[in-house]
**Student:** 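Pasting a structure below so you can have a look.
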Amino acid sequence: MSLPDGTRRKRTVLGWLTIAMVAAACGAPTSAPPEGATTETPPTSTDQTLPAVDREAMKEDQDTAVKAVDSFWHRHFTQQSGQPYQSPRVAGAYIGTHGPPCGGEPESVPFNAVYCRPGDFVAWDDDLMAAGYSQIGDAWVYLIIAHEWGHAIQARLRSDRVSVAAELQADCLAGATLQGAADDGLITIEPGDSEEIAKTLAAVADDYPWTKESDHGNAEQRTSAFNTGAEGGVGACI
Ligand SMILES: [Zn+2]
């Protein structure tokens, strides 16, 4: 994904809807998240040697993703919820345990991305971003940020509009956000993004189906949730 520059082909909603199923790349079960934080399953182990990453380019993509996702919600949150929109804080990139404290937890979770409800901020381990950015592609960054933002949106919604399957709803909101941002001309969907999104969802999926609140859902369920949002918009998620 990228900023629109008029030279790249903008894909229609069908681009997202044809996301292919990819086998889950990570079998690690989700551990219990710290109090007040919504954590994600690490896609790979931290001791893996990463290919070289252009961190400058990755940072640009992160900034573009944050701007596009925030702009999308500025445009659409009130219309969807009847409430005013306030952006969450973006704490941004951290390394390992040196992230911003959340809800009394002094250390961040390494190789993770998080929406911290007590602090109302989104943050991510730079190495997590780099792993997906180098191994899967730039759509990884957009999806992680849109998903965590989805949790910030859930925190702003009336509680009866937040699904008990909060992780799958965040995937749905991410689909609605990225497709909606493309439809609004905030970002451009490039060839290959759909495949990257599918791989990202598979990499961060649980290897078992959703049964309880903390579950993220398996690859099929996460892909299906994302597609529901991409096809039906925010209203299909809440
Ligand atoms: Zn999540």
Side-chain angles (χ1 to χ4, degrees), residues 24-26 28-44 62 65-66 69-70 72-73 88-94 99-100 102-103 105 108-129 131-132 136 139-157 159 161-178 197-230 234 236-238:
C26 172
T30 314
S31 57
E35 194 66 36
T38 309
T39 59
E40 311 309 329
T41 308
T44 55
Q62 288 171 1
V66 164
V69 169
D70 192 37
F72 172 83
W73 285 111
R89 196 158 57 82
V90 180
Y94 64 84
C102 174
E105 293 286 328
S108 54
V109 180
F111 225 61
N112 201 9
V114 64
Y115 167 68
C116 174
R117 187 164 185 151
D120 192 30
F121 65 78
V122 293
W124 52 83
D125 188 326
D126 212 41
D127 288 336
L128 169 76
M129 284 300 201
I136 291 179
W140 169 276
V141 165
Y142 286 82
L143 179 53
I144 298 283
I145 290 173
H147 173 99
E148 295 308 331
W149 217 281
H151 289 307
I153 295 301
Q154 289 171 327
R156 284 155 172 72
L157 289 171
S159 57
R161 303 190 80 181
V162 178
S163 170
V164 65
E167 294 300 336
L168 291 170
Q169 188 179 44
D171 287 334
C172 184
L173 292 170
T177 302
L178 295 179
I197 291 282
K199 285 182 186 170
T200 300
L201 289 167
V204 296
D206 299 334
D207 61 354
Y208 46 87
W210 186 93
T211 56
K212 62 182 187 300
E213 209 169 337
S214 61
D215 287 353
H216 287 74
N218 62 25
E220 186 178 2
Q221 290 171 321
R222 296 199 71 163
T223 304
S224 172
F226 181 92
N227 285 342
T228 296
V234 174
C237 305
I238 59 175

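The model shown is predicted, which means the values in this text are computed figures rather than measured ones. Both ligands and their constituent atoms are indexed starting at 1 by order of listing.
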**Student:** Counting backbone and side-chain atoms alike, does Glu148 have an N/O/S atom under 2.8 Å from the Zn ion (ligand 1)?
**Tutor:**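 Checking the Zn ion (ligand 1) against Glu148, no N, O or S atom falls under 2.8 Å.
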**Student:** Can you list the steps and then say if Gln154 with Arg161 is a side-chain contact (heavy atoms from CB on, under 4.5 Å)?
**Tutor:** CA-CA 8 Å; Gln154 289 171 327; Arg161 303 190 80 181; over 6 Å; no
**Student:** If you look at Glu167, which of its N/O/S atoms is nearest to the Zn ion (ligand 1)?
**Tutor:**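 Going by distance to the Zn ion (ligand 1), the closest N, O or S atom in Glu167 is OE1.
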**Student:** Do we see a donor-acceptor contact under 3.5 Å between the side chains of Gln221 and His216?
**Tutor:**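 Per modelled atom types, Gln221 and His216 side chains form no pair under 3.5 Å.
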**Student:** Using a distance threshold of 2.8 Å, state whether an N, O or S atom of His216 lies below it from the Zn ion (ligand 1).
**Tutor:**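 Checking His216: none of its N, O or S atoms is under 2.8 Å.
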**Student:** Compare all side-chain heavy atoms of Cys116 with those of Arg89 and state whether any distance is below 4.5 angstrom.
**Tutor:**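 No, too far: nothing below the 4.5 Å cut-off.
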**Student:** Tell me, do Leu143 and Leu201 make a side-chain contact under 4.5 Å, heavy atoms counted?
**Tutor:**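 Yes. Closest side-chain heavy atoms under 4.5 Å.
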**Student:** By atom name, which N, O or S atom of His151 is the nearest to the Zn ion (ligand 1)?
**Tutor:**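 Nearest N/O/S atom: NE2.
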